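Small disclaimer: the values here were computed from a predicted structure and weren't measured. Just so it is clear, the values below take in all heavy atoms, side chains as well, and ignore hydrogens, waters and symmetry mates.
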Amino acid sequence: MAAALATCDMATVIEGVRTARGWSQGDLARAVAYSQSWVSRVVNGQQSLTVTQVHDLARRLDIPLHLLRFDGTLPLDADEDPAPAPAPAAARAADAGAAFGIPPEGGHAAVDETTAPALRSITGGQRRMDSTSPARDLLPSAVAHVHLAERMLLKARGTAHHSAVSAAASEASGFAAWLHADQGDMGSARMHYRTAVIRARQAGMRLLDVYMLGSLAAFEIDTAEDPELGLGLVQEAEHVLGPSAHPTARAWLACVGALAHAGIGDRSAAAHAIGRAEKEIARSGNVNPPWPWVFAFDQAKVSGYRALVGVRLRRPHDARDAFAEASGPQGRGAKQAAVLKVELAAAHAEAGDVDEAFRLAVEALETGTRFGSARVVDRVRSFRRRYRGPQAACVRDLDDRLALLVNAVPASGYKGG
């Protein structure tokens, strides 16, 4: 590896990273955000790389640039300053191992019983901040936290702490996926969700596996608008969950399944799933939610899902009644409340209450703009595209507000386009 770094032999370097981290070639492709066929050509020496691509690969794989040299003398990031004298081979090998998170021979991994709880507490804090903070502000630290968790996972390999650190890495990736989805980055969101599922299975923790599978299913159903794929993931999660799981997990998964059934137009199955969720919530009483759930999943949240199902099944009056039940005294985070407002706007528009529908849509748009949430703004756009009613003043007002977003400066939050 030291020799490959010294000669910038990227084929050997990235194959070494893949082997050290126990990745498949597909895992490697997802980590560097290139196609698997492109990565295969690089590994096989069939694809030449530009300096920019080398920099990009090094950054995505956490390889310090000072270790990479074009001709054994010039580091990639030094165009003018002379490179330091080459280090002895043993030192270069140690640096190379450290770059990939491999402890030096005879050393000890910097992982103990406090590592996983510390990583999980960071993710938990970030998740709680999400309700009141723009995703664009949280995303850099969340992605950095994913990288930290992955490095700790490498160091935990072969130790008694590997399972717990895998679980912490899964949570970190799952939250990063949620933030990417909020920003409209579907590819990164899907990659992080899949990583979260893989890490949960490596941890061997059933509830975490179900939580990440269900989160990926909700993403495919609600954001990617692929309810068939989402339903398949829900069914897989139900198989993993088993019949004797915590009521919170069963209720939440039933609600995600109800959305999938509604998305494909199966009213009977959607109603049955919501009914199962309500029964599970009644069973749970005031029991605290199990990890990895951070927030309680109560009757108000089931009502929120019932309202979403009503909108998707074009039952506006049922949807409006359910939304009223979902608006509990504790309220919701601003961004999630905005998403629900768009859904409620659709229900009002379906029922012919145009003024109320567009009032709610404008409120949701203001929240989405303030928080820089592409997810919220795109839903308002989708609501407007679907509306085919009269062009009242409230409709023109929303159109004007959406038009202004096209020329919004990035510093103001969401940039339309």
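- Counting only distance, with no hydrogens or angles, the side chain of S163 and the backbone of A203 share a donor-acceptor pair below 3.5 Å.
- With hydrogens and angles disregarded, no donor-acceptor distance shorter than 3.5 Å links the side chain of R199 to the backbone of A167.
- A distance-only check finds no donor-acceptor pair linking the side chain of T159 to the backbone of K155 [under 3.5 Å].
- Atom-to-atom distance recorded for L404:CG and D399:CG is 11.0 Å, nearest 0.5 angstrom.
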*asked:* Does M212 form a side-chain contact (heavy atoms from CB on, under 4.5 Å) with R194? I'd like the steps, not just the answer.
replied: CA-CA 8 Å; M212 292 308 171; R194 288 173 176 169; over 6 Å; no
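- Annotation: M186, atom CE; neighbour count of heavy atoms from other residues, nucleotides and ligands within 6.0 Å is above 12.
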Using a 3.5 Å cut-off and no angle test, enumerate the donor-acceptor pairs between side-chain atoms of residues 213-230 and protein atoms at least two apart in sequence or in another chain.
residue	atom	partner	partner atom	Å
S215	OG	Y211	O	2.8
E220	OE1	R190	NH2	3.1
E220	OE2	R190	NE	2.9
D222	OD1	R312	NH2	2.5
D222	OD2	R379	NH1	3.2
D222	OD2	R379	NH2	2.6
D226	OD1	L229	N	3.3

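- Of the possible donor and acceptor atoms, none in the side chain of S373 sits under 3.5 Å from a partner among the backbone N and O of G368.
- Partners of S40 according to the side chain to side chain donor-acceptor pair (under 3.5 Å) rule, which considers only residues two or more places apart in sequence or in another chain, are N44.
- At distances below 3.5 Å, not a single donor-acceptor pair connects side-chain atoms of T115 with backbone N or O atoms of V111.
- Aromatic ring centroids of Y193 and F175 lie 6.0 Å or more apart.
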*Derivation of the side-chain contact (heavy atoms from CB on, under 4.5 Å) call for R315 and E350*: CA-CA 8 Å; R315 300 172 67 101; E350 189 77 17; over 6 Å; no
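- The distance from atom CG of L308 to atom CG of L344, rounded to the nearest 0.5 Å, is 10.0 Å.
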Tell me which donor-acceptor pairs under 3.5 Å the side chains of residues 116-124 have, and how far apart each pair is, sequence neighbours excluded?
residue	atom	partner	partner atom	Å
R120	NE	E171	OE1	3.4
S121	OG	P117	O	3.4
S121	OG	A118	O	2.7
T123	OG1	L119	O	3.3
T123	OG1	H145	NE2	3.0

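- For D137, the side-chain contact (heavy atoms from CB on, under 4.5 Å) test picks out P134, with sequence neighbours left out.
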*Between L207 and L241, is a side-chain contact (heavy atoms from CB on, under 4.5 Å) present by the stated rule, with each step listed?*
CA-CA 7 Å; L207 277 183; L241 185 61; 3.9 Å; yes
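- Within 6.0 Å of CZ in R314 there are 12 or fewer heavy atoms belonging to other residues, nucleotides or ligands.
- Judged by distance alone, with hydrogens and angles left aside, the side-chain atoms of D298 form a donor-acceptor pair with the main-chain N or O of K301 at under 3.5 Å.
- For S382, the side-chain contact (heavy atoms from CB on, under 4.5 Å) test picks out R385, R386, with sequence neighbours left out.
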Could you go through residues 249-264 and list every donor-acceptor pair under 3.5 Å that involves a side-chain atom there, pairing it with any protein atom two or more places apart or in another chain?
residue	atom	partner	partner atom	Å
R250	NE	E280	OE2	3.1
R250	NH1	G242	O	2.9

*Evaluate the criterion side-chain contact (heavy atoms from CB on, under 4.5 Å) for residue pair F371 and V376; output intermediate values, then yes/no.*
CA-CA 9 Å; F371 282 92; V376 174; over 6 Å; no
